[in-house]
Amino acid sequence: AYERTCRYFARKTNSVVVSVGYRLAPEYPYPTQFEDCLTATIHFMRTAQDYGVDPSRIIVCGDSSGGTLTAAVAQALVNRKDVPKLRAQILIYPFLQGVNFNLPSYQQNECIPILLKERTISLGLKYLNADSSAINNVLQGCHVSEELRLKYQKWLSPDNIPHEFKTRGYTPITEQPFSEEIYKLAKTVLEPVFSPLLSEDSVIAQLPETFILTCEYDVLRDDGLLYKKRLEDQGVKVTLCHLQEGFHGTI
């Protein structure tokens, strides 16, 4: 599916492109996919010169769940001293948080193909091999305790999303009461490897220069907008490309 895309990137940017054939769920459970991507990235960084690549100019890139993996790999590398620093990260309509599924973009685009709101949670739970019967409870935020909700609010508040992205409609929704049972089923979605937007400031502040692509007609649009703000608040340079007519999978 990505052969032509990778060739296009290589040709247009005069770059060496490495595509990681990471193992897939459910045969290989989470976090195998992240571990495969991290292992491949570290190996390439250590052997970059064998491929005629300057180790100081390596960029990680991914789209959709690949954007999640890209963000998680970049975060995992910030404190490593045995590999070069990443030059940049490119996140193309990434999934970045599993806390709030009622952000403006989730409300506005919940029925827009290809990534319907309910399908997003369904795919996430399958990825984690979790019980899909919890979809409605996760949609309503029952998996997030009041303590964690307060902690994440400063990063996930709709107030952090510029007004122009709310003009197609947004209604603040009160999350349903916390359920310990649903938390146990879905707690993995709160891990930074699954939800990179939830990493601590000390990690975010060390990330490399970042390019984020968002699409107007995409439930994940606001994940990208919120991550942009988090990065900029920590002094990281961010370039945002917002496709006003774009939709998830448009690449």
Side-chain angles (χ1 to χ4, degrees), residues 30-39 41-42 45 58-62 64-103 105-106 124 127-128 138 141-161 175 178 180 182-184 186-212 214 220-240:
Y30 166 92
T32 302
Q33 298 69 30
F34 161 73
E35 291 167 350
D36 283 357
C37 288
L38 181 61
T39 299
T41 303
I42 290 171
M45 294 177 98
I58 295 172
I59 297 170
V60 286
C61 171
S64 194
S65 56
T68 317
L69 293 168
T70 297
V73 165
Q75 291 182 4
L77 292 172
V78 296
N79 289 317
R80 293 191 69 120
K81 307 298 184 189
D82 56 333
V83 290
K85 292 290 185 186
L86 283 173
R87 171 63 184 86
Q89 60 175 340
I90 296 174
L91 311 178
I92 301 171
Y93 36 76
F95 172 94
L96 295 171
Q97 60 86 28
V99 173
N100 189 342
F101 296 104
N102 287 297
L103 292 166
S105 61
Y106 271 103
Y127 177 39
L128 299 174
V138 173
C142 298
H143 61 304
V144 187
S145 68
E146 188 61 33
E147 180 184 358
L148 287 176
R149 205 169 279 162
L150 288 170
K151 176 182 179 179
Y152 299 147
Q153 181 65 14
K154 63 180 180 291
W155 301 331
L156 299 178
S157 171
D159 294 341
N160 294 335
I161 297 167
E175 285 89 354
F178 172 65
E180 186 72 37
I182 300 301
Y183 169 73
K184 287 178 180 176
K187 63 181 179 180
T188 308
V189 306
L190 305 179
E191 295 177 358
V193 166
F194 189 91
S195 295
L197 190 47
L198 306 182
S199 281
E200 297 297 332
D201 288 344
S202 58
V203 173
I204 301 292
Q206 298 182 71
L207 288 169
E209 184 175 352
T210 302
F211 176 95
I212 301 174
T214 54
L220 302 183
R221 180 197 70 199
D222 293 348
D223 282 21
L225 297 176
L226 291 169
Y227 204 45
K228 173 181 182 288
K229 185 177 189 310
R230 279 215 68 194
L231 289 161
E232 289 179 334
D233 285 350
Q234 295 301 317
V236 178
K237 182 180 178 183
V238 181
T239 299
L240 175 72

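Nothing here was measured: the structure is a model prediction, and the numbers come from that model.
- In this structure, Leu91 CG and Leu231 CG are separated by 8.0 Å, a value rounded to the nearest 0.5 Å.
- Around the NZ atom of Lys237, the shell of radius 6.0 Å holds no more than 12 heavy atoms that belong to other residues, nucleotides or ligands.
- Here the shortest heavy-atom pairing between Val99 and His143 reads O-CE1, 3.7 Å.
- Centroid-to-centroid, the aromatic rings of Phe34 and Phe194 stay 6.0 Å apart or farther.
- Within the 4.5 Å cutoff, the side chain of Lys228 has no heavy atoms near those of the Thr214 side chain.
- For the pair Gln33/Tyr127, a side-chain contact is recorded, criterion being any heavy-atom separation below 4.5 Å from C-beta on.
- With a 4.5 Å cut-off on side-chain heavy atoms, Leu225 and Asp222 count as touching.
- Ile204 and Val236 make their closest contact through O-CG2, 3.5 Å (heavy atoms, listed as atom of the first residue, atom of the second, distance).
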Steps toward side-chain hydrogen bond (donor to acceptor under 3.5 Å, both in side chains) verdict (Ser195, Gln97): CA-CA 4 Å; Ser195 295; Gln97 60 86 28; over 6 Å; no
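- Within a 6.0 Å sphere centred on NZ of Lys154, other residues, nucleotides and ligands contribute more than 12 heavy atoms.
- For the atom pair CZ of Arg80 and CE of Met45, the computed distance is 9.5 Å after rounding to the nearest 0.5 Å.
- Side chains of Pro196 and Thr68 form a contact here, defined as non-hydrogen atoms less than 4.5 Å apart.
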